[in-house]
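So you know, we letter chains A, B, ... as the sequences are listed, proteins then strands, and number each from 1. All of these numbers come straight from a predicted model, not from anything done at the bench.
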Protein chains: 2
Amino acid sequence: MTNLFVAKLGGHATLTTAEIAKLTRACQGARGYPAGHDLIHEGDASGGTFVVLEGWACRYKSVPGGGRQIVAFLLPGDFGDLHAGVLTGLDHSIATVTKALIATIPAAEMDELVTMRPAVTEAFWWAQLVDESILRAWVVSMGRRSSMERVAHLMCELYARMRNIGLADADSCEMPLTQLVLADALGLTPVHVNRVLRKLRTAGIMLLSDGVLRVLDPAGLTRLAGFDDNYLHRRPTRTA
Amino acid sequence: MTNLFVAKLGGHATLTTAEIAKLTRACQGARGYPAGHDLIHEGDASGGTFVVLEGWACRYKSVPGGGRQIVAFLLPGDFGDLHAGVLTGLDHSIATVTKALIATIPAAEMDELVTMRPAVTEAFWWAQLVDESILRAWVVSMGRRSSMERVAHLMCELYARMRNIGLADADSCEMPLTQLVLADALGLTPVHVNRVLRKLRTAGIMLLSDGVLRVLDPAGLTRLAGFDDNYLHRRPTRTA
DNA sequence: CGGCTTGTTGAAGTCATTCAATATTAGTGG
DNA sequence: CCACTAATATTGAATGACTTCAACAAGCCG
């Protein structure tokens, strides 16, 4: 199986064979974790960068009162904080969502990769900017979309991202999110997520069950969500 | 008056005199704009970077149906997208909130600044990461806080940021936001913003009027908001 | 098998929206 | 400087979206 981390970066900058080798090697020490496992916790000093090789993870912030708000999903090929060496402490936590295979790149090695190789630097910049762009889309969803539109939009985002890394079929993909996790991500209650999913199901728009998303009416889903994938910035400026 | 853009970057990396001069010079061609003026619009190819020297600006995304969601406020010293040359098109718009003095740095010049000078690069990285961190805090606010907590949290954020750039008094600062703009930022209706502000006023917690925020009960406001300023990452890692 | 997590549904309540009307302020032109 | 107009602020009443509380079903793991 190809390394999706390297593939992702390589898709947005022309990497030399040496750079590819270096990035691949940095992922050698990957380790498996169970679902729901905290990789790093809010307040910790950041000791490195996590790269998700298989499975899903998420960033989240705890809220006074006991709950949490998920602020991003990390899919295979995505990585955690590059904050290492730049910011003081982590302002959020990272946890696995499913059983996952995670590589940990030490801060020093990461620094070297990011600093020394212009192509790699650019690829990281790109990834960082896309992350921020997704975050802006989340704010829009939370602020201006109804619960149904919000669910639809998240499904569109995740399906598009899965497709970008070759992990989606024509009208379905893995979506290993419990309704509780969805609620944590969407700013809704699990109960309401359940009701919204039922509505989407009975409306013949989409179906989420057993960790699989099936899109029954792609055009309808996109329209409902008000989804436009341009914010995922698929294509790089310079043609490889 | 000092250039807050240069001051901000200088606060997080040790800049040489030459670098300071270069950054300052890049802001020479500043221009005034009226309030509510679009500096760049969603979908445009990004032609440079905006630096806010005086006044306030915001990033926003339009939503199908006519409204908009503000996703960030740009205070004096803040700058718009560094996306130039990395991403395809802009996924959001930038507009002035008040009458503002804005410098426009051409993409080429920006590239040179960002790429050639390690200290400047690092400062930009830092600023970018803080922006993202603020965005995460917004998602948490929208997802998990009541309208009153949300207003309180935004006031805390903006007051803290104003203080960081030396534009706040002990218990008050400029806050040139209409209730309509606040509503666009908080994902609420203007009517409800009005009611929340009244509640905060009659509770003796804070007072927002005539473009000025007066914090009557700092501890109470912070507690209500669940505000912890560590996500603004005030201090850099390397001691200057 | 038994316990735990996840999913499902109903009924009641709350928070924020919507609609609508009026007051206040600010900006503009005579 | 005043009159006029538009933008902003304020308040009430009714509606609606989502939450809360509660109960139960279904699947999964040890």
Query raised in the report: How would you label the contact of A:Gly187 with the nucleic acid (heavy atoms, under 4.0 Å): base, sugar-phosphate, or nothing?
Result: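 Touches sugar-phosphate only.
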Query raised in the report: Looking for any heavy atom pair under 4.0 Å, which part of the strands does A:Gly211 touch: base, sugar-phosphate only, or nothing?
Result: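 Since no nucleic acid heavy atom lies under 4.0 Å of A:Gly211, the category is nothing.
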Query raised in the report: When you measure from every atom of DNA chain C, which of residues 140-156 of chain A have a heavy atom less than 4.0 Å away?
Result: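 None, since no heavy atom is under 4.0 Å.
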From [atom1] of [X] over to [atom2] of [N], roughly how many Å is that when rounded to an integer?
X        : N      : atom1 : atom2 : answer
B:Asp210 : C:dA26 : CG    : P     : 7 Å
A:Leu182 : C:dT8  : CG    : P     : 12 Å
A:His192 : D:dA22 : NE2   : P     : 20 Å

Query raised in the report: Using the ring of each side chain (for Trp, its six-membered ring), is A:His153 parallel, tilted or perpendicular to A:Tyr231, with breaks at 30° and 60°?
Result: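 Ring orientation, 0 to 90° scale: parallel.
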Requested in this report: May I ask you to say whether A:Asp171 pairs ionically with A:Arg214, meaning some side-chain N is under 4.0 Å from a carboxylate O?
Outcome: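 Between A:Arg214 and A:Asp171 there is no salt bridge, as every charged N stays at least 4.0 Å from the carboxylate O atoms.
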Query raised in the report: Between B:Asp131 and B:Arg59, is the closest basic N to carboxylate O distance under 4.0 Å?
Result: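 A salt bridge links B:Arg59 with B:Asp131.
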**Report entry** Polar side-chain atom of B:Arg150 near backbone of B:Leu186 as donor-acceptor pair, under 3.5 Å
**Finding:**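 Yes, because the side chain of B:Arg150 sits within donor-acceptor range (under 3.5 Å) of the backbone of B:Leu186.
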Query - A:Asp229 vs A:Arg161, salt bridge (Lys or Arg N to Asp or Glu O under 4.0 Å): CA-CA, chis, key distance, verdict - result: CA-CA 9 Å; A:Asp229 74 349; A:Arg161 287 173 61 192; over 6 Å; no
What's touching nucleotides 7-11 of chain D from the protein side, N or O pairs under 3.5 Å?
residue, atom, partner, partner atom, Å
D:dA9, OP2, B:Gln179, N, 2.7
D:dT10, OP2, B:Gln179, NE2, 2.6
D:dT10, OP2, B:Asn194, ND2, 2.9
D:dT10, O5', B:Asn194, ND2, 3.2

Query - Distance in Å, B:Leu216 CG paired with B:Ile205 CD1, rounded so as to fall on 0.5 Å steps - result: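 Spacing of CG (B:Leu216) from CD1 (B:Ile205) equals 9.0 Å.
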Query raised in the report: Is the closest side-chain donor-acceptor distance between B:Thr24 and B:Asn3 under 3.5 Å?
Result: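 Distance-only check fails for B:Thr24 and B:Asn3.
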Query - Donor-acceptor pair between B:Tyr159 and B:Asp169 side chains, under 3.5 angstrom - result: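 There is no such pair (donor and acceptor under 3.5 Å, judged by atom type) between the side chains of B:Tyr159 and B:Asp169.
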